[in-house]
Structures are given as C-alpha cells and as structure tokens.
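Quick notes on the structure that follows.
Labels below follow one simple rule: chain letters A, B, ... track the order of the sequence lines, proteins then strands, and each chain is numbered from 1. Not measured: the values here are computed from a predicted model. Quick note: numbers below take in every heavy atom, side chains included, and nothing from hydrogens, waters or symmetry partners.
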Amino acid sequence: MEKTYITTAIPYVNGAPHVGHAMDYLLADVCARFFENSRFQAGTDEHGNKIFQKAKELNIPVQEYVDNNSKKFQDFIRRLGVEYTDFVRTTDPDHERRVQEIWKKLNDHIYLSKYEGWYCTGCERYVTEKEYEENHGVCPDHQKPYEKLEEENYYFRLSDFKDQIREAIESRKMTILPEFREKEILKLIEESPDVSISRPKSQLTWGVPVPGDESQVMYVWMDALSNYITVLGYPEKDISDSWPAYAQFVGKDILRFHAILWPAILLALRLELPRNIVSHGMVLSNGQKMSKSIGNVIDPIEVLDKHGTEAFRYFFLRHIDTFSDSDFTWEKFEDAYNNELANDLGNLIQRLATLCKKNNFELNGPVELSINHESNALMGQFRYKEAFDMIWEEVQAVNKKIDEDKPWVLAKEGDTKKLNEVLNNEVMDILTVAILLKPFLPETAKKIEKIFNSGKIEPPKEPLFPKNK
RNA sequence: CGUGGGGUAGAGCAGCCUGGUAGCUCGUUUGGCUCAUAACCAAAAGGUCGUUGGUUCAAAUCCAACCCCCACAACCA
C-alpha cells in the first residue's frame with residue numbers, strides 16, 4: 001500500500017539536542033498525524049571529524065560516543081510526543097553499505113580533481129577566501145598563519161542536472177516552501193559549482209570509505225542525504241510504496257543541500273524527486289541567534305521538564321512561525337501557557353464539564369464526528385501555525401457561546417429541554433475542537449474525548465493545564 | 001552594486017500579489033457575568049503603515065530612490 005512518506009533532517013550528534021531540532025520533528029509529526037497512513041523517518045548523522053575529535057577529547061571510543069548521543073536524540077524525540085516509524089543512523093552497517101552502492105551508481109557523474117585552498121592545521125579544515133581575508137591570513141583560534149594546501153577530491157557533477165532541477169521547481173513537480181525560499185534556491189542553482197564529495201583519508205577517517213579508492217572517505221552530504229532512501233532499504237529493496245517522499249522537513253540553513261544537491265543525486269539514480277521540501281525558520285532567543293558565547297541558549301529539555309510535552313508542542317507550533325524565524329523567550333512562553341492553554345482551553349474544559357455534571361447532562365453514546373473544517377486547506381499547504389490559529393478561534397467561540405447561552409440561567413429557570421440542547425451543542429463543539437487539535441496536541445485531544453465522549457461527564461480532578469504563578 | 005527577508009498602536013504580528021473606511025493577539029482601562037483554573041464575555045483608549053518623490057479620483061498596498069535591522073554566503077539546528 002502506498003504511504004505518505006515524511007522525513008526530517010538528521011542532526012549531527014556532536015552535542016545535545018537543541019530547540020531548533022524540535023521544529024523539524026514537530027512539523028513532521030503534525031504532517032504525519034494529519035495524514036493517516038504515513039511513514040515517518042528520523043535519524044542521526046554520526047560521521048565526521050568533529051565527532052571523532054570530540055570522542056577523543058572525552059576519551060571514549062567513537063562508536064560508544066555516537067551510540068550515547070544518538071540515544072539522547074531518540075529520547076528527545078519521544079519526549080516531544082513525536083512518533084516516527086523508521087530511525088536511521090549513518091554508522092549503521094546497512095546504511096554504510098547502501099551508501100557505497102549509491103556511490104557506485106553515481107559513477108558517471110563523479111570525477112577526481114584537485115582542490116586548493118587555505119588550510120589551518122590547528123582547526124584541520126579549509127577556510128573560505130572571505131574568512132582568510134577577514135582574519136588577515138591568520139587563524140584567530142590558533143594564532144597560526146593559514147597554509148596553502150591542495151588535495152585530491154572526488155566531485156559530483158551538479159551541472160549535469162541543473163536544468164532538470166530548475167524545471168522541476170518551476171513546474172511545481174517539486175515544491176519548495178515557503179515561496180520566498182524557492183526564489184532563493186532558483187537563484188542559487190545558477191551559481192552552484194560542482195560539489196566536493198570526498199576527503200583524503202589522512203584528513204578524515206571517521207566516515208564511509210569511497211568504494212574502489214582506499215585513500216578517500218565520503219564527505220558528509222553524500223553520506224547524510226542518502227539516509228532518506230537507505231532507511232527504506234534502497235537499493236536492494238523496492239521503495240516505490242514510500243518514495244517519492246511527500247514532504248521533507250529541513251531547517252532553512254540546510255535547504256540548499258536538500259533543494260539542489262539532493263535532487264541531483266536522485267536524478268542521477270533515476271529516482272523521483274520529493275513532492276515538497278518544507279523549510280522552517282530558526283528559533284531565536286531574545287531576538288538573537290542562540291549561541292554559547294552569548295549564553296542565550298534555551299535547553300529544550302528544561303522547557304519539557306518544566307511544562308511538559310503538550311505545552312512545548314503548543315508554543316512551538318503556534319507561536320514559532322512555521323516558515324520564518326521567531327523568537328522564544330520564557331516570558332512569551334509563560335504568557336501563552338497561562339492565557340491560552342490554561343485560561344482559554346483548560347478552563348473551558350473545566351467549566352463545560354462542570355456544567356454538564358451539575359445538570360446531569362450526558363451524551364447518548366459515543367459520537368462520531370466527521371469534520372470538514374476550513375483549517376484543513378491550510379494543513380494541506382503546510383501552513384500549520386495559521387491552521388492552529390484558526391482552530392483556536394473555535395476554542396474561543398465555545399467560550400463565547402457558553403456566555404451567550406447562559407446555561408446556569410436555564411438551570412435556575414428549570415428549562416431542562418433548552419438546557420440540554422445548548423449543552424449538547426457545546427459538547428459537540430468541544431469534541432470538534434478535540435479532533436482538530438489531534439495533529440498538534442494529541443494527548444490533550446485524547447483527554448478531551450475521554451472526558452466528553454465516554455458516557456458520564458466528569459470534570460478532570462486535576463486541571464489539564466494548571467496555571468503558573 | 002552578493003542573495004533573501006523585514007521596518008504597520010507599548011510588545012509580537014496580519015493586511016501588500018488582485019489599490020478604495022487600518023486589523024488580530026498580548027498588555028492597559030472600563031463594564032457585564034458567576035458555570036469555571038480571580039477564569040469567561042463585551043467595550044474603550046492607543047498608529048504621520050521606515051524616509052522622500054512619482055503614478056492615480058484614491059496608495060500600507062503599484063513604481064523609483066534612499067535609510068535602518070536580520071539571515072544566508074559548502075558542514076557552528
């Protein structure tokens with residue numbers, strides 16, 4: 001059976017999970033829950049010098065180091081309430097073997113060439129011409145002058161596919177979202193040079209060996225991008241029940257690799273291009289990019305510990321824009337939690353359940369609602385924040401309706417018929433809200449259904465979202 | 001002359017493509033209600049829509065120039 005295949009970028013595991021990683025997972029999770037029959041990939045990127053060095057510093061075997069870190073990400077994803085179906089690790093032998101198979105298939109588009117550039121022996125990396133000029137030829141970290149070095153690299157001939165990629169984007173066979181990023185990519189394609197896809201072993205040991213050349217190791221992108229199909233079992237398995245991916249979620253910082261290099265690889269393999277590449281913005285902290293040196297990094301685990309999964313999902317899906325950069329501050333988070341989750345929704349559940357209980361109102365058996373809400377159109381376009389806003393209007397509308405219906409007055413007047421009628425309407429409304437909330441706040445949706453759609457209506461003993469002082 | 005985004009009420013944003021009384025959320029003030037987590041509902045105050053010029057009967061919206069902020073520029077989510 002055909003599945004809606006949804007992917008997330010695989011994070012580089014040289015550190016702990018970052019708030020930014022959460023965006024990928026949450027958006028993909030909303031998408032996966034919105035479509036029922038979906039396949040959902042997640043994973044970790046585990047090769048490269050930085051990881052190798054970090055493990056050496058810590059005096060831990062590299063494999064053990066990446067095992068631990070990969071586990072941290074898996075735990076993190078679970079704590080976000082995100083349910084993936086497939087998890088890929090780039091150090092998995094299956095993945096490594098498959099990447100080598102892929103490399104072989106790309107052979108016609110790969111060539112060996114010299115790379116020349118400024119190199120810092122301290123950092124063990126090349127710097128760009130611009131960086132070289134800015135630092136006046138001396139590495140600021142190591143106080144050493146850059147050296148001119150040259151090495152042999154394998155290159156992938158991107159130019160073989162530029163026209164096809166441009167055509168796919170323009171004809172919307174492959175859609176890049178949001179639109180302004182698509183414009184950016186179309187410009188970038190023109191100036192994209194061929195891509196260096198290997199490093200000499202002397203420089204990079206922790207990686208997948210290039211097949212047929214002992215002296216070279218694959219460079220990250222070739223290794224990492226392939227994960228989306230190696231996890232499906234490519235090339236030995238038929239992946240047509242899942243591929244092409246319906247949506248690939250990535251941060252805007254790595255969009256270029258996903259929108260240019262990755263499609264080129266797919267074309268070279270004669271595979272279809274993904275239908276949608278959705279790029280989200282960055283999460284800022286107090287209006288600035290998070291960075292250790294500024295000391296404004298928000299630890300997602302801390303947010304989860306303090307407020308739980310549902311509140312986390314709520315804030316990041318509604319108050320962090322789906323496509324643009326948005327700001328996280330604790331103040332904003334607390335405001336949203338108290339005003340919206342606690343007051344609007346939490347209190348609504350409490351007051352309506354209490355009204356039902358006090359007036360002995362019950363539904364006649366569980367109700368099946370089929371809903372065609374206008375937010376669905378937005379969901380289909382990946383405009384999750386806007387869809388969520390629209391759903392919240394429904395929450396507020398129920399509060400308003402209760403105020404207008406004044407069930408407590410009807411109860412005093414003894415108008416039982418009218419009372420039951422309005423309570424029934426209101427319960428239907430909140431059950432509708434529950435269904436709409438499912439992709440965003442699955443646990444909350446479940447709780448609402450349990451309270452209102454399983455016979456006797458009882459207000460929860462503990463408020464769903466206790467207010468914080 | 002790198003590329004892209006942005007500059008709209010105290011804060012955060014929508015509106016701009018398809019010109020025609022400037023809108024939403026939070027905050028503030030006032031009123032209502034009492035079912036509810038001192039929650040809910042309503043109303044009010046608050047804006048020369050970055051600057052200058054142009055097109056038009058009419059511009060936040062189209063055009064031009066300029067100023068300011070931010071991101072990206074092969075691996076710092």
Problem - Pair listing, salt bridge (charged side-chain N to carboxylate O under 4.0 Å, His left out) test, anchored in residues 251-263 of chain A, at least two apart - result: A/Lys252-A/Asp325
Practice task
Write out all pairs satisfying salt bridge (charged side-chain N to carboxylate O under 4.0 Å, His left out) with one or both partners inside residues 305-321 of chain A, taking only residues at least two apart or from two chains.
Solution key: A/Asp29-A/Arg313, A/Arg79-A/Asp305, A/Glu302-A/Lys306, A/Arg318-A/Glu340, A/Arg318-A/Asp389
Handout entry: Residue-phosphate contact under 4.0 Å: A/Lys289 side-chain N/O, B/C70 OP1/OP2
Key = no
Exercise for the section: Could you tell me whether the phosphate oxygens of B/C40, OP1 or OP2, come under 4.0 Å of any side-chain nitrogen or oxygen in A/Lys406? Expected result: no
Practice task
Please confirm whether the backbone N or O of A/Thr205 pairs with a side-chain atom of A/His47, one donor and one acceptor, at under 3.5 Å?
Solution key: no
Fill in the blank from the handout: Hits for ring pair (Phe, Tyr, Trp, His ring centres under 6.0 Å) against A/Trp408, two or more places apart or cross-chain, chain-then-number order -> none
Exercise for the section: Using the test ring pair (Phe, Tyr, Trp, His ring centres under 6.0 Å), find all partners of A/Tyr314 that sit at least two apart in sequence or belong to another chain. Expected result: A/His319, A/Phe388, A/Trp392
Exercise for the section: Indicate whether the side chain of A/Thr44 and that of A/Glu46 have a donor and an acceptor atom separated by less than 3.5 Å. Expected result: yes
Exercise for the section: Would you please say whether a donor-acceptor pair under 3.5 Å links the side chains of A/Asn227 and A/Gln41? Expected result: yes
Problem - Those residues that, when tested against A/His280, pass side chain to side chain contact (heavy atoms under 4.5 Å, CB included) (two or more places apart) - result: A/Met23, A/Asp24, A/Leu27
Listing time: all N or O pairs from protein to nucleotides 22-26 of chain B that are below 3.5 Å?
{"unit_1": "B/C26", "atom_1": "O3'", "unit_2": "A/Asn339", "atom_2": "ND2", "d": "3.2"}

Exercise for the section: Could you tell me whether the side chain of A/Asn347 has a donor or acceptor atom within less than 3.5 Å of a complementary atom in the base of B/A36? Expected result: yes
Practice task
Dot-bracket for RNA chain B, please, read 5' to 3', with Watson-Crick or G-U wobble pairs under 3.5 Å on both distances, ( ) within the strand, [ ] crossing, | other strand, . unpaired.
Solution key: .(((((((.[[[[.)....(..]]]].(((((.......))))).....[[[[[..)....]]]]])))))).....
Practice task
Look at atom NZ of A/Lys401 and say whether more than 12 heavy atoms of other residues, nucleotides or ligands are closer to it than 6.0 Å.
Solution key: yes
Exercise for the section: For the residue pair A/Met390 and A/Leu378, establish whether any side-chain heavy-atom pair is separated by less than 4.5 Å. Expected result: yes
With the criterion being N/O to N/O and under 3.5 Å, what pairs connect the protein with nucleotides 4-7 of chain B, and how long is each?
{"unit_1": "B/G4", "atom_1": "OP1", "unit_2": "A/Lys187", "atom_2": "NZ", "d": "2.8"}
{"unit_1": "B/G4", "atom_1": "O2'", "unit_2": "A/Glu184", "atom_2": "OE1", "d": "3.1"}
{"unit_1": "B/G5", "atom_1": "OP1", "unit_2": "A/Lys183", "atom_2": "NZ", "d": "2.9"}

Exercise for the section: Send over the distance from A/Asp403 CG to B/A43 P, rounded to a whole Å. Expected result: 12 Å
Practice task
Just say parallel, tilted or perpendicular for the rings of A/Phe328 and A/Phe333, cut-offs at 30° and 60°.
Solution key: tilted
Problem - Between A/Tyr84 and A/Phe87, ring centroids under 6.0 Å - result: yes
Practice task
Indicate, with yes or no, if the rings of A/His307 and A/Tyr337 have centres closer together than 6.0 Å.
Solution key: yes
Without placing hydrogens or testing angles, list every side-chain donor-acceptor pair under 3.5 Å for residues 353-362 of chain A, not counting sequence neighbours.
{"unit_1": "A/Thr354", "atom_1": "OG1", "unit_2": "A/Gln350", "atom_2": "O", "d": "2.6"}
{"unit_1": "A/Lys357", "atom_1": "NZ", "unit_2": "A/Glu458", "atom_2": "OE1", "d": "3.4"}
{"unit_1": "A/Asn359", "atom_1": "ND2", "unit_2": "A/Leu355", "atom_2": "O", "d": "2.7"}

Completion exercise
Under a 4.0 Å heavy-atom cutoff, the residues of residues 409-424 of chain A touching RNA chain B are none
Problem - Residues in contact with RNA chain B, drawn from residues 10-23 of chain A - heavy-atom cutoff 4.0 Å - result: A/His18, A/Gly20, A/His21
Distances for protein N/O vs nucleotides 62-64 of chain B N/O pairs under 3.5 angstrom?
none

